[in-house]
Amino acid sequence: ASDVYKRQDLRWIGDWVRYYRRIHGADGVLVYDNSSSAYSLVQLQAAMDAEIGDGVALAVSWPFPYGPQGGMAGAVHNKETDWDSDFCQTGSLQHARFRFLRNARSVLNVDVDELVLSSLNRSIFAATEESRSGFIKFPGAWIGTHAPQGTDRTTCRHADFLYRDLPDGFSCPPKWCLVPGRADRRSDSWSVHNLFGAKANARIDGEFSYRHLRGVTDSWKEDRWATSDTNPALLPRDDALAAAFERAGMKPGTGAGIARKAG
């Protein structure tokens, strides 16, 4: 998986790598660092190496302006704007695709605050590799910042957060996993939420989904830690996520695009 990010905490990077290695069998991780100032590329590389085991981790410097966002992310007076010059993340996907990932068994495109779950406890990589199309696209749901055991933005870990935001539905844009060379033709385009040009892109999978953790961020774009009017007593606990954390050996307040290498 590749993620373009800035100022993510190294403890979150470790949690992320551990989760995908232990839950989905990832043996490779690729991260594009967008000029983070809190630590060096060498320190980022070391944090990933510490969790990937005998797999391969690579931190890539990607010092480019992100570019203005379109759609509702750049809406003015609730009117969607055209996409223009959103080159940083899209460019990193194309760079990763052709520079590093052409021979990977499968590639998962997720961010550091996104954790994939299977209703059948299967690996997203194995399922994609065994699928007819070589491509699985799946929805996401928000996990809020409510943590009854107590935490804050300076100390939080992935496993601190288990409560779904209301309404209880999949409101996050989809993410995807694919087999390079089988699912993606050269005329197709890897994008953040789509494989444009592929017939399988129209289908949303029913087994896999991801959890988008609001608390795993420094709120560079918006303050996700802002006080909510929702009564915490009404928030549904995500038991599937809790079970995955337990299997990964991740507990509240503790330390801990992901890819699988060619066989």
**Q.** Heavy-atom closest contact (Ser191 atom, Asn109 atom, distance)
**A.** O-ND2, 3.8 Å

Q. Do Arg11 side-chain atoms and Cys156 backbone N/O form a donor-acceptor pair below 3.5 Å?
A. yes

Q. Can you find a heavy atom in the side chain of Trp176 that is under 4.5 Å from one in the side chain of Val110?
A. no

(Q) Can a donor-acceptor pair be found, under 3.5 Å and without considering hydrogens, that links the side chain of Asp160 to the backbone of Arg157? (A) yes

Q: Please check if the side chain of Ser123 supplies one atom and the backbone of Ala126 the other of a donor-acceptor pair under 3.5 Å.
A: yes

Q: Could you tell me if the ring centre of His95 sits under 6.0 Å from that of Trp62?
A: yes

Q | Ring geometry between His212 and Tyr210 (parallel below 30°, tilted from 30 to 60°, perpendicular above 60°) | A | tilted

(Q) Do Leu117 and Ile23 sit in one hydrophobic cluster, given that two such residues count as connected whenever their side-chain heavy atoms are within less than 4.5 Å of each other, even indirectly? (A) yes

Q | Side-chain donor/acceptor of Glu129 to backbone N/O of Gly134, under 3.5 Å | A | no

Q.
What I want to find out is whether Asp113 reaches Arg214 closely enough, with some N-O distance under 4.0 Å, to be called a salt bridge.
A. no

Q: Give a yes or no on whether the ring-centroid distance for Phe161 and His146 is below 6.0 angstrom.
A: no

Q.
My understanding is that only residues two or more places apart in sequence, or in another chain, count here; which of them pass side-chain contact (heavy atoms from CB on, under 4.5 Å) with Ser209?
A. Pro139, Phe170, Arg211

Q: Look at the side chain of Asp238 and the backbone N and O of Leu241, then say whether any donor-acceptor pair between them is shorter than 3.5 Å.
A: yes

Q) Hey, does Val29 have a side-chain heavy atom less than 4.5 Å from the side chain of Val31? A) yes

Q: With side-chain contact (heavy atoms from CB on, under 4.5 Å) as the test, would you mind laying out the steps for Asp184 and Arg102 before giving the verdict?
A: CA-CA 10 Å; Asp184 62 325; Arg102 295 308 296 167; 3.0 Å; yes

Q) Closest heavy-atom contact between Leu101 and Pro180? A) O-CG, 3.3 Å

Q. Which pairs with one or both residues in residues 130-139 pass salt bridge (Lys or Arg N to Asp or Glu O under 4.0 Å), sequence neighbours excluded?
A. Arg122-Glu130

(Q) Could you report the tightest heavy-atom contact between Trp142 and Ser171, atom names first, then the distance? (A) CD1-OG, 3.4 Å

Q. Is a side-chain donor or acceptor of Tyr39 paired with a backbone partner of Asp9 at a separation under 3.5 angstrom?
A. no

Q | Sub-4.5 Å side-chain heavy-atom contact between Arg164 and Leu235 | A | no

**Q.** salt_bridge(Arg185, Asp188) N-O dist < 4.0 Å
**A.** yes

(Q) Give me the atom names and distance for the closest heavy-atom approach of Trp190 to Leu93. (A) CE3-O, 3.7 Å

Q | Closest non-hydrogen atom pair, His158 against Val216 | A | CE1-CG1, 3.7 Å

Q: Determine, step by step, whether His24 and Tyr19 satisfy the side-chain hydrogen bond (donor to acceptor under 3.5 Å, both in side chains) criterion, reporting the C-alpha distance in whole Å, the side-chain angles of both residues, the deciding distance to 0.1 Å, and the verdict.
A: CA-CA 8 Å; His24 293 282; Tyr19 180 89; 4.5 Å; no

Q. Near Gln94 CD, under 6.0 Å, is it more than 12 heavy atoms from other residues, nucleotides or ligands?
A. yes

Q) Any donor-acceptor pair under 3.5 Å linking the side chain of Gln45 with the backbone of Ala59? A) yes

Q) Between Ile52 and Leu41, is there a shared hydrophobic cluster once you connect ILVMFWY residues whose side-chain heavy atoms come closer than 4.5 Å? A) yes

Q. Given Ser118 and Glu207, is the side-chain hydrogen bond (donor to acceptor under 3.5 Å, both in side chains) satisfied, shown in steps?
A. CA-CA 6 Å; Ser118 162; Glu207 174 187 345; 2.6 Å; yes

(Q) Between Ser61 and Asp33, is the side-chain contact (heavy atoms from CB on, under 4.5 Å) condition met? List the steps. (A) CA-CA 5 Å; Ser61 177; Asp33 181 73; 5.8 Å; no

Q: Check whether any side-chain heavy atom of Glu51 lies under 4.5 Å from a side-chain heavy atom of Arg21, and answer yes or no.
A: yes

Q. In terms of heavy-atom contacts, does CZ of Arg182 have more than 12 from other residues, nucleotides or ligands at under 6.0 Å?
A. yes

**Q.** Minimum-distance pair of heavy atoms, taken over all atoms of Ala159 and Pro252
**A.** O-CG, 3.6 Å

